[in-house]
Amino acid sequence: MPTIRSRVAAMAATPIAPPATPAAPVPTLTLPETGFLRQPQVLAFVPISKSTLWRRIQARTFPAPVKLSERVTVWRAEDIRCWIAQQGQPG
């Protein structure tokens, strides 16, 4: 019966094969020209927290959302695109 040491030595000598399938490509985010975005989609393009997002909406420094129904809140993609473009402009 092989000892633990001989099994460990055999495992250490065995090469580890690379994965058979290549890693999936990372999808790139693209902001649509038109349409509506839900909160998680907005936060994917604007790296702030949910709390900061709503604080900025209340302070009117971020585009106001549109209520589609009682439980559905969205932002216009055009408004988000415009806000992002304005962030790079001085004053």
Side-chain angles (χ1 to χ4, degrees):
M1 175 176 234
T3 65
I4 293 176
R5 285 186 183 174
S6 63
R7 283 188 274 175
V8 170
M11 286 174 32
T14 306
I16 298 174
T21 58
V26 177
T28 57
L29 295 175
T30 55
L31 185 61
E33 292 292 326
T34 61
F36 294 118
L37 302 171
R38 300 289 296 265
Q39 181 176 318
Q41 294 168 313
V42 170
L43 294 175
F45 293 105
V46 181
I48 57 176
S49 69
K50 289 188 257 184
S51 301
T52 301
L53 174 72
W54 289 103
R55 209 175 304 120
R56 288 185 179 187
I57 291 167
Q58 190 174 26
R60 299 180 190 260
T61 60
F62 194 83
V66 176
K67 292 289 284 184
L68 294 182
S69 69
E70 182 182 332
R71 297 180 61 181
V72 178
T73 302
V74 296
W75 284 262
R76 290 182 187 92
E78 301 91 346
D79 295 345
I80 302 302
R81 183 179 295 279
C82 182
W83 183 85
I84 291 172
Q86 288 174 351
Q87 299 312 298
Q89 298 175 357

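The stretch residues 34-50 participates, sequence neighbours left out, in these side-chain hydrogen bond (donor to acceptor under 3.5 Å, both in side chains) pairs: Gln39-Trp54, Ser49-Thr52.
Proximity of Leu31 to Ile84: side-chain heavy atoms (C-beta onward) are separated by under 4.5 Å at one or more points. Side-chain atoms of Trp75 and Val46, non-hydrogen and from C-beta on, never get closer than 4.5 Å to each other. Residues Leu43 and Ile48 form a side-chain contact, since some pair of their non-hydrogen atoms from C-beta on lies under 4.5 Å apart.
Minimum heavy-atom separation, Pro63 to Ile57: O-CG1, 3.8 Å. A pairwise comparison of heavy atoms in Glu78 and Glu33 identifies CG-O, 3.5 Å as the closest pair. In terms of heavy-atom proximity, Pro32 sits nearest to Ala77 at O-CB, 3.5 Å. The nearest pair of heavy atoms linking Thr61 to Trp83 is O-NE1, 2.9 Å.
With rounding to the nearest 0.5 angstrom, the CD1 atom of Ile80 is 10.0 Å from the CZ atom of Phe45. Here the CG atom belonging to Leu53 is positioned 8.5 Å from the CZ atom belonging to Arg56, to the nearest 0.5 angstrom. For the atom pair Gln87 CD and Cys82 SG, the distance stands at 9.5 Å (nearest 0.5 Å).
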Under the side-chain contact (heavy atoms from CB on, under 4.5 Å) criterion, do Phe36 and Val72 qualify, and how do the steps go?
CA-CA 11 Å; Phe36 294 118; Val72 178; over 6 Å; no

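Atom CZ of Arg81 sits in a crowded spot, with more than 12 heavy atoms from other residues, nucleotides or ligands closer than 6.0 Å.
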